[in-house]
Amino acid sequence: MKESFAIIEIGSNDTKTHIYENDNLIYEDNTTIEFKKNYKIENRILSSDLDKLYKIIDKIHTYTKNIYIYGCSIFRNIKKSELEDINSKLYKKYKLKIEVVSQEEEAYYTALGCYSDIKYDKTICIFIGGGGSTEIIFVKNKEIIDKKYYDFGVIDITDKFPSLKNDIPDVSFDIVYKYLDDLITDLNINADVLILAGGDHLYWYNNAEFELFSNELYSSINQKYMLSINISDKYDRDSFNKSLLKIRENSDNPKWFDGSRAMKVITNLISHKINAKYIIPTKINMEDGLKNKIKKDIEKDA
């Protein structure tokens, strides 16, 4: 008997979809819906943005009717009455509702997706970046030993430095770095490994045509690649000199790259604050930690 379900994670800028069938990932998608940007302009969630979400749900219905929708940073900050109105429309249309997850829950499930299946006994740092929030989790021997939460993401950085979205930015890497250094407090734990999660970091490297190397530290199907800190530093600084227009042309989602340079500076800063030696770019998201919980809940209710 086939057991299938879909997880939709709605972020400030990216809406991620994963569909699973009998433990196998059979479909994934990352769609840019600028919920936070438009909310800051209009002070409300736009119906046109919700229409984009409806299109995603309509497509998922061709695979499964068993759908779980989670709202992240932007949905944590809207009025309760507005969320109730959105959920009323969703329920009327699809018998679905958005479950808003806390920053702590989002970080926990994403981090779980990073460390639950690896064998590595040294301290690792997991970076979880999004459009409207940033989380940093330290793990040793599969136990969380420290965590930091910040109420800013790449959208906030590109709002501060709009030219980061240009073909070549007017602002320097070092100026953005210094600004972020004042936002991210000292991280008092060192970790040799920094895992990049919370978004499709592989999408950046592949479309920017930066070479990735095999992960020689541990084996994981979702963490196949790594970079030394020296190579990572070079790539991050090179992102300010590379044509963003050319990178966009390489991709099937050009808008996604609006926040890419901001993300590179954030992760670069964190890598040096923790004295990382290796960077592990992934596309691990909250869904990777949630899927086992959902599967167990389905089996329990069957």
Side-chain angles (χ1 to χ4, degrees), residues 11-16 28-41 49 52 73-74 127-134 150 152-181 183-184 194-213 225-272 279-285:
S12 294
N13 195 59
D14 294 322
T15 296
K16 295 177 278 288
E28 62 179 324
D29 180 62
N30 189 342
T31 301
T32 297
I33 307 178
E34 297 179 296
F35 281 108
K36 180 171 182 175
K37 175 185 174 182
N38 295 330
Y39 186 87
K40 289 175 74 173
I41 296 171
D49 286 341
K52 293 175 184 176
S73 57
I74 180 60
F127 163 83
I128 305 162
S133 65
T134 299
Y150 302 94
F152 73 86
V154 295
I155 293 174
D156 304 283
I157 306 309
T158 53
D159 284 349
K160 174 70 176 177
F161 302 104
S163 77
L164 289 174
K165 297 185 286 186
N166 294 352
D167 187 41
I168 301 294
D170 298 332
V171 66
S172 72
F173 184 96
D174 290 328
I175 287 175
V176 182
Y177 189 100
K178 175 63 173 65
Y179 174 76
L180 283 164
D181 196 20
L183 294 182
I184 297 178
L194 174 63
I195 299 175
L196 309 185
D200 192 346
H201 296 273
L202 297 176
Y203 194 68
W204 159 255
Y205 289 104
N206 290 335
N207 285 283
E209 298 179 334
F210 285 129
E211 184 181 4
L212 294 170
F213 303 89
Y225 306 104
M226 65 183 286
L227 295 168
S228 70
I229 188 64
N230 291 335
I231 293 176
S232 180
D233 277 347
K234 182 180 185 308
Y235 286 176
D236 292 345
R237 289 184 174 273
D238 283 352
S239 71
F240 275 59
N241 302 316
K242 259 184 171 288
S243 167
L244 197 59
L245 178 61
K246 175 65 168 60
I247 296 171
R248 292 184 198 273
E249 289 173 348
N250 289 340
S251 78
D252 58 358
N253 186 8
K255 194 68 179 171
W256 185 90
F257 293 90
D258 280 2
S260 57
R261 287 191 177 110
M263 186 69 79
K264 288 296 93 192
V265 184
I266 296 172
T267 58
N268 187 278
L269 174 69
I270 293 169
S271 71
H272 287 285
I279 312 298
I280 310 288
T282 78
K283 56 181 182 180
I284 294 172
N285 291 284

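- In this structure, CG in Leu180 is found 6.0 Å from CG in Leu269, a value given to the nearest 0.5 Å.
- Under the 6.0 Å distance and 45° angle rule, Lys242 counts as a cation-pi partner of Phe210.
- For the pair Ser232 (side chain) and Ile229 (backbone), a donor-acceptor distance under 3.5 Å is absent.
- Counting heavy atoms from C-beta on, the side chains of Val265 and Tyr179 never come closer than 4.5 Å.
- Here the CZ atom belonging to Phe240 is positioned 7.0 Å from the CZ atom belonging to Arg261, to the nearest 0.5 angstrom.
- Side chain of Thr282 to backbone of Leu196: a donor-acceptor contact under 3.5 angstrom is found.
- Closest of all the heavy-atom pairs between Pro254 and Arg248 is O-NH1, 2.8 Å.
- A donor-acceptor contact shorter than 3.5 Å links the side chain of Thr134 to the backbone of Phe152.
- Here the side chain of Ser163 pairs a donor or acceptor atom with the backbone of Asp170 at under 3.5 angstrom.
- The distance from atom CG of Asp14 to atom CD1 of Ile33, rounded to the nearest 0.5 Å, is 9.0 Å.
- Proximity of Tyr225 to Ile280: side-chain heavy atoms (C-beta onward) are nowhere separated by under 4.5 Å.
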Would you check, one step at a time, whether the test side chain to side chain contact (heavy atoms under 4.5 Å, CB included) holds for Leu244 with Ile168? CA-CA 7 Å; Leu244 197 59; Ile168 301 294; over 6 Å; no
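- Put simply, the side chain of Arg237 does not reach to within 4.5 Å of the side chain of Lys264, judged on heavy atoms.
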Audit row: Thr32, Glu34, side chain to side chain contact (heavy atoms under 4.5 Å, CB included) steps and yes/no: CA-CA 6 Å; Thr32 297; Glu34 297 179 296; 4.0 Å; yes
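- When atom types are taken as modelled, the side chain of Asp258 and the backbone of Lys165 share no donor-acceptor pair closer than 3.5 angstrom.
- In this structure, Tyr205 and Tyr235 have tilted ring planes: the angle between them lies in the 30° to 60° band.
- A side chain to side chain donor-acceptor pair (under 3.5 Å) with Lys234 holds for exactly one of Asn230, Asp238, Asp236; it is Asp238.
- Across all their heavy atoms, Leu164 and Ala262 have their closest contact at CD1-CB, 4.1 Å.
- Among Asp159, Asp156, Asp49, the single residue meeting the side chain to side chain donor-acceptor pair (under 3.5 Å) criterion with Lys36 is Asp156.
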Candidate pair Glu211 and Leu227, rule side chain to side chain contact (heavy atoms under 4.5 Å, CB included), full reasoning: CA-CA 9 Å; Glu211 184 181 4; Leu227 295 168; over 6 Å; no
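- Separating the CG atom in Asn13 from the NZ atom in Lys255 is a distance of 8.0 Å, to the nearest 0.5 Å.
- Side-chain atoms of Trp204 and Ser239, non-hydrogen and from C-beta on, do get closer than 4.5 Å to each other.
- For Asp200 against Asn30, the heavy-atom pair with the smallest separation is CB-ND2, 4.4 Å.
- The neighbour count for Lys52 NZ, taken as heavy atoms of other residues, nucleotides or ligands under 6.0 Å away, is above 12.
- Looking only at side-chain heavy atoms (C-beta outward), Phe35 and Lys40 stay at 4.5 Å or farther from each other.
- Considering only residues two or more places apart in sequence or on other chains, Asn207 meets the side-chain contact (heavy atoms from CB on, under 4.5 Å) condition with Tyr203, Ile247, Asn250, Ser251, Phe257.
- The OG atom of Ser271 sits 12.0 Å away from atom CD1 of Ile266, with the distance rounded to the nearest 0.5 Å.
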Check against side chain to side chain contact (heavy atoms under 4.5 Å, CB included), Tyr150 and Leu183: CA-CA 8 Å; Tyr150 302 94; Leu183 294 182; over 6 Å; no
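- Between the side chains of Ser73 and Ser12, at least one donor N or O lies within less than 3.5 Å of an accepting N or O.
- Atom NZ of Lys283 has 12 or fewer neighbouring heavy atoms from other residues, nucleotides or ligands inside a 6.0 Å radius.
- For His201 against Pro281, the heavy-atom pair with the smallest separation is CB-CB, 4.1 Å.
- Expressed to the nearest 0.5 Å, how far CG of Leu212 lies from CG of Leu202 amounts to 6.5 Å.
- Within 6.0 Å of CZ in Phe173 there are more than 12 heavy atoms belonging to other residues, nucleotides or ligands.
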